[in-house]
Amino acid sequence: MNLEKKMKIIKKGVEEIVPEQELINKLKKSEKEWKPLRVKYGIDPTGHDVHIGHLVPIRKMREFQDLGHTGVIIIGDFTAQIGDPTGKDESRPPLTAEQVKENAATYMEQLYTVLDRNKTEVRWQSEWFGKMGMAEVLNLLGKFTLAQFLAHDTFRKRYENGLPLGMHEIMYPILQAYDSVAVKADIELGATEQKFNILAGRDMQKYFNMPEQVAILSPLLVGTDGLQKMSKSLNNYIAVNDKPFDKYGKVMSIPDNCIINYFNYATQVSPEEIEKIKKELDSGDVNPKNIKQRLAREVVQMYHGEEKAQIAEAEFNRIFSQKDVPTDMPQYSVDKAIWIVKLLTETNMCKTSGEARRLIKQGAVKIDDTKVTNADLELRVESEMVVKVGKRRFLKVIPLN
RNA sequence: GGAGAGGUUCCCGAGCGGUCAAAGGGAACAGACUGUAAAUCUGUCGGCGAAGCCUUCGGAGGUUCGAAUCCUCCCCUCUCCA
């Protein structure tokens, strides 16, 4: 494959490459010397769920792997203790070592849905930071100035807005930067908000007299609310572990004006095809719903395959367009009769009895398509029936025996 | 160490002795509508088998018939001075 073609692949869906010429040089050199480039991406094992926004750079890593390069995943067991200050205005509570370990394992599992295991190197920060002494830490700190950090938006904003900013938090970019030294990264992937940290990596490598890494920055995927970046704390994310139907539904819940954005960064649809879709959308001849359904299919398909995507779509249409019941739903057996509110709370259809009463009052509870109006209803269960709460909660109630 | 400002329900933020389960906004949920779990409009939004009761306003005590509101001590955050 020629260089131009490679660059086209690499640049797809990428916001910025700093500096681009250096990347070209590295690719050339790598080819000449038959030496794969080391492409780094760091994760902080702070939770269980990986969302599809995280996977934007990960997919880029896979593309590098397919071009013969090595993916290096850094498990940020030290940075996880800090919590990435980037793009946040709050500190994060520290995690225990066990939590970190557990999270790391589930994270990797999810990343391997995209990555090529054989070309992935997993490294833990504790490999190098675990044995680092104070003298070395001071040395690393001395390479940056406070002004540099305060010039950085996230730090400055927190500082200016009078929000707490822990001393340890400014260590975050320094640790991340040193990771690049430790693993001899040629390239570091990340979302655009990572620019500062990744560029700090370049500086750090320079101080250690090694070739500087190239930053490849992906755009941030906007969350399902269509406003803020996809993130766990904002609960606007589509998780890798979400069931196909939920992924499908969540995509359908994005505002229409994000459709193209999602096509670009959350699917593998080609830029030419996306251009076509965009024209269709703009022309107004096509119902955006149909285009969004295609998007949802593409997203689900990427993680679960074509068949599951079809099923998810069929199910979605059943439930929301035809207002039918799903093919599969949780079951609950009842002996003779049960108080409706009790039924709803017992089965977790509602969190509290207050919520159950409220929903009944609002006309959200239906039994076999008949609205329940009385919150005192003693439901007699003599045959199978379907209880529906709102549009999305279903339960099949069956008589005992 | 000194001086000042703060900590309120999921989040932001008003309240400064009773009318406070606490304004307003956001999120969330529901209903209507629809082309979708889009958009828009409306409603709900601490718990309890519930016209009553119970628990909440950083923590622990106290004053009062009555405290998110006043007092004491403690914890935490921010600003300025050093």
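Proteins get letters first, then strands, A, B, ... in listed order; numbering begins at 1 in each.
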Participant: NA contact type, A:G363, heavy-atom cut-off 4.0 Å: base, sugar-phosphate, or nothing?
Facilitator: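 Sugar-phosphate contact only - A:G363 comes under 4.0 Å of backbone atoms but never of a base.
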Participant: Could you go through nucleotides 42-48 of chain B and list every protein N or O atom that sits under 3.5 Å from one of its N or O atoms, giving the distance for each pair?
Facilitator:
unit_1 : atom_1 : unit_2 : atom_2 : d
B:G43  : N2     : A:Q362 : OE1    : 3.2
B:U44  : O4'    : A:Q362 : OE1    : 3.3
B:U44  : O2'    : A:R358 : NE     : 3.0
B:G47  : OP1    : A:T352 : OG1    : 3.1
B:C48  : OP1    : A:S353 : N      : 3.0
B:C48  : OP2    : A:S353 : N      : 3.4
B:C48  : OP2    : A:S353 : OG     : 3.3
B:C48  : OP2    : A:G354 : N      : 3.1
B:C48  : O5'    : A:S353 : OG     : 3.3

Participant: With the threshold set at under 4.0 Å for non-hydrogen atoms, list the residues of residues 300-314 of chain A touching RNA chain B in residue-number order.
Facilitator: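 Nucleic-acid contacts, sorted: none.
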Participant: Using the test side-chain hydrogen bond (donor to acceptor under 3.5 Å, both in side chains), find all partners of A:T373 that sit at least two apart in sequence or belong to another chain.
Facilitator: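 So A:T373 forms no side-chain hydrogen bond (donor to acceptor under 3.5 Å, both in side chains) with any residue.
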Participant: Roughly, in whole Å, what's the span from CG in A:L227 to P in B:A39?
Facilitator: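 In whole Å, B:A39 P lies 9 Å from A:L227 CG.
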Participant: Can you tell me the base-pairing partner of B:U42? Count Watson-Crick or G-U wobble geometry only, both distances below 3.5 Å, and say none if there is no partner.
Facilitator: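 B:U42 is paired with B:A30.
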Participant: Using the C1' atom in both, what is the distance from B:C16 to B:G7, to the nearest Å?
Facilitator: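 The answer is 15 Å between these two C1' atoms.
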Participant: Taking the side chain of A:F316 as heavy atoms from C-beta outward, which of B:U36, B:A50, B:A38 is closest to it?
Facilitator: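 Output: B:U36.
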Participant: Kindly list each side-chain donor-acceptor pair under 3.5 angstrom involving residues 323-336 of chain A, sequence neighbours excluded, with atom names and distances?
Facilitator:
unit_1 : atom_1 : unit_2 : atom_2 : d
A:T327 : OG1    : A:E315 : OE1    : 3.3
A:T327 : OG1    : A:E315 : OE2    : 3.1
A:Y332 : OH     : A:E346 : OE1    : 3.3

Participant: Quick one: look up who B:C78 pairs with, Watson-Crick or G-U, both distances under 3.5 Å, and put none if it's unpaired.
Facilitator: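 Result: B:G4.
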Participant: Looking at A:K195 and A:E16, is any side-chain nitrogen of the basic one under 4.0 Å from a carboxylate oxygen of the acidic one?
Facilitator: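 The answer is yes: the pair qualifies as a salt bridge.
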Participant: Would a distance-only check, ignoring hydrogens and angles, find a side-chain to backbone donor-acceptor pair under 3.5 Å from A:D77 to A:S126?
Facilitator: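 A pair under 3.5 Å: yes.
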Participant: Sequence neighbours left out, what passes ring-ring contact (aromatic ring centres under 6.0 Å, His included) with A:F245? Give chain and number order.
Facilitator: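 Residues passing ring-ring contact (aromatic ring centres under 6.0 Å, His included) with A:F245: none at all.
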Participant: Using atom types as modelled and distance alone, determine if a side-chain donor or acceptor of A:K6 lies under 3.5 Å from a backbone N or O of A:F64.
Facilitator: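 Absent.
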Participant: What's the closest nucleotide to the A:A364 side chain, out of B:A30, B:C78, B:U36?
Facilitator: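 Taking heavy atoms from C-beta onward, the closest nucleotide is B:A30.
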Participant: In this structure, are over 12 heavy atoms from other groups packed under 6.0 Å from A:K119 atom NZ?
Facilitator: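 Yes.
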Participant: For A:F320 and B:A37, are the ring centres under 5.5 Å apart with planes inclined under 30°?
Facilitator: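 By the stated criterion, A:F320 and B:A37 do not stack.
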Participant: Measure from the side chain of A:K391, starting at C-beta and using heavy atoms only, and say which of B:C29, B:A37, B:U36 lies closest.
Facilitator: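 In terms of side-chain proximity for A:K391, the closest of B:C29, B:A37, B:U36 is B:A37.
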Participant: In whole Å, measure the gap between the P atoms of B:G61 and B:G49 for me.
Facilitator: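 Each nucleotide's P atom is 30 Å from the other's.
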Participant: Checking all strands, does A:T224 fall into the base, sugar-phosphate, or nothing category for heavy-atom contacts under 4.0 angstrom?
Facilitator: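 Nothing, no heavy atom under 4.0 Å.
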Participant: Go through B:G35, B:A38, B:G49 for me and flag the one nearest to the A:E378 side chain.
Facilitator: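 Between B:G35, B:A38, B:G49, the one nearest the side chain of A:E378 would be B:G49.
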Participant: Rounded to the Å, how far apart are A:L234 CG and B:C12 P?
Facilitator: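 After rounding, the gap between these two atoms is 13 Å.
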Participant: Could I get the full list of side-chain hydrogen bond (donor to acceptor under 3.5 Å, both in side chains) partners for A:N290, not counting sequence neighbours?
Facilitator: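 A:N290: no side-chain hydrogen bond (donor to acceptor under 3.5 Å, both in side chains) contacts found.
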Participant: Using the P atoms only, state how far B:G15 lies from B:U63, rounded to an integer number of Å.
Facilitator: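 Between the two P atoms, the distance is 29 Å.
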Participant: Could you list the residues that satisfy side-chain hydrogen bond (donor to acceptor under 3.5 Å, both in side chains) with A:E15, not counting sequence neighbours?
Facilitator: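 By the side-chain hydrogen bond (donor to acceptor under 3.5 Å, both in side chains) rule, A:E15 matches no residue at all.
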Participant: Between the base of B:G35 and the side chain of A:D256, is there a donor-acceptor distance below 3.5 Å?
Facilitator: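 Donor-acceptor pair under 3.5 Å: yes.
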Participant: Decide, yes or no, whether a salt bridge links A:K276 with A:E273 under the criterion of side-chain N to carboxylate O below 4.0 Å.
Facilitator: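 Answer for the salt bridge query: yes.
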Participant: Would you tabulate the nitrogen or oxygen pairs shorter than 3.5 Å linking the protein to nucleotides 54-59 of chain B?
Facilitator:
none

Participant: In whole Å, measure the gap between the P atoms of B:A21 and B:A68 for me.
Facilitator: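 Per the computed distance, 9 Å lies between those P atoms.
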Participant: For B:U56, which nucleotide in any strand shown is its Watson-Crick or wobble partner with both distances under 3.5 Å?
Facilitator: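 With both distances under 3.5 Å required, B:U56 matches none.
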Participant: Taking the same atom, C1', in B:C80 and in B:G47, what whole-Å distance lies between them?
Facilitator: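 Nearest-Å result for B:C80 against B:G47 at atom C1': 45 Å.
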Participant: Once you round it to whole Å, what is the distance between C1' of B:A37 and NZ of A:K292?
Facilitator: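 So the NZ-C1' distance, A:K292 to B:A37, works out to 8 Å.
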Participant: Locate the shortest heavy-atom distance separating A:L37 from A:K26; write the atom from each residue and the value.
Facilitator: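 The answer is CD2-O, 3.9 Å.
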Participant: Please give the distance between the C1' atoms of B:C11 and B:C81 as a whole number of Å.
Facilitator: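 The same atom, C1', in both gives a distance of 34 Å.
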Participant: Need the pair for B:C20. Rule: Watson-Crick or G-U wobble, both distances under 3.5 Å, any strand; none if unpaired.
Facilitator: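 Answer to the pairing question: none, since B:C20 forms no Watson-Crick or G-U pair.
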Participant: Any base atoms under 4.0 Å from A:D246, or only sugar-phosphate, or nothing? Heavy atoms, all strands.
Facilitator: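 Counting heavy atoms under 4.0 Å across all strands, the contact made by A:D246 includes a base.
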Participant: Between B:C29, B:G35, B:G49, which one does the side chain of A:L359 approach most closely?
Facilitator: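 Among the listed nucleotides, the one closest to the side chain of A:L359 is B:C29.
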Participant: Can you tell me, in whole Å, how much space there is between the C1' of B:C53 and that of B:A38?
Facilitator: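 Approximately 43 Å lies between the C1' atom of B:C53 and that of B:A38.
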Participant: Which pairs count as salt bridge (charged side-chain N to carboxylate O under 4.0 Å, His left out) when at least one residue sits in residues 379-391 of chain A, sequence neighbours excluded?
Facilitator: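 For residues 379-391 of chain A, and leaving out neighbouring residues, the salt bridge (charged side-chain N to carboxylate O under 4.0 Å, His left out) pairs sorted by first residue read A:E384-A:K396.
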Participant: Return all side-chain donor-acceptor pairs below 3.5 angstrom for residues 204-227 of chain A, not counting sequence neighbours, or 'none' if the list is empty.
Facilitator:
unit_1 : atom_1 : unit_2 : atom_2 : d
A:Q205 : OE1    : A:Q213 : N      : 2.6
A:Q205 : NE2    : A:S180 : O      : 3.3
A:Q205 : NE2    : A:A185 : O      : 3.0
A:Y207 : OH     : A:K143 : O      : 3.2
A:E212 : OE1    : A:R202 : NH2    : 3.3
A:Q213 : OE1    : A:S180 : OG     : 2.8
A:Q213 : NE2    : A:S180 : OG     : 3.3
A:Q213 : NE2    : A:E188 : OE1    : 3.1
A:Q213 : NE2    : A:I198 : O      : 3.0
A:T224 : OG1    : A:N236 : O      : 3.2
A:D225 : OD1    : A:L227 : N      : 3.1
A:D225 : OD1    : A:Q228 : N      : 3.3
A:D225 : OD1    : A:N236 : ND2    : 3.3
A:D225 : OD2    : A:N236 : ND2    : 3.3

Participant: Using 30° and 60° as the class boundaries, would you call the ring planes of A:F149 and A:F196 parallel, tilted or perpendicular?
Facilitator: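 Geometry flag for A:F196 against A:F149: perpendicular rings.
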Participant: If pairing requires Watson-Crick or G-U wobble contacts with both distances under 3.5 Å, which nucleotide is the partner of B:G66?
Facilitator: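 Result: none.
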Participant: Would you tabulate the pairs of protein nitrogen or oxygen atoms and nucleotide nitrogen or oxygen atoms of nucleotides 79-82 of chain B closer than 3.5 angstrom?
Facilitator:
none

Participant: When rounded to the nearest Å, what value does the distance between C1' atoms of B:A30 and B:C45 take?
Facilitator: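 It comes out at 10 Å once rounded to the nearest Å.
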Participant: Check this one for me: any side-chain N or O of A:K289 less than 4.0 Å away from OP1 or OP2 of B:U36?
Facilitator: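 So the side-chain polar atoms of A:K289 do come within 4.0 Å of the phosphate oxygens OP1 or OP2 of B:U36, strictly under.
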Participant: Any heavy-atom pair between the side chains of A:M302 and A:R59 that's under 4.5 Å?
Facilitator: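 They are in side-chain contact.
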Participant: Can you run down the salt bridge (charged side-chain N to carboxylate O under 4.0 Å, His left out) pairs that involve residues 48-57 of chain A, sequence neighbours left out, and say none if there aren't any?
Facilitator: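 Non-adjacent pairs meeting salt bridge (charged side-chain N to carboxylate O under 4.0 Å, His left out): zero.
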Participant: Report the distance from atom CZ of A:R393 to atom C1' of B:C29, rounded to the nearest whole Å.
Facilitator: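 In whole Å, B:C29 C1' and A:R393 CZ are 7 Å from each other.
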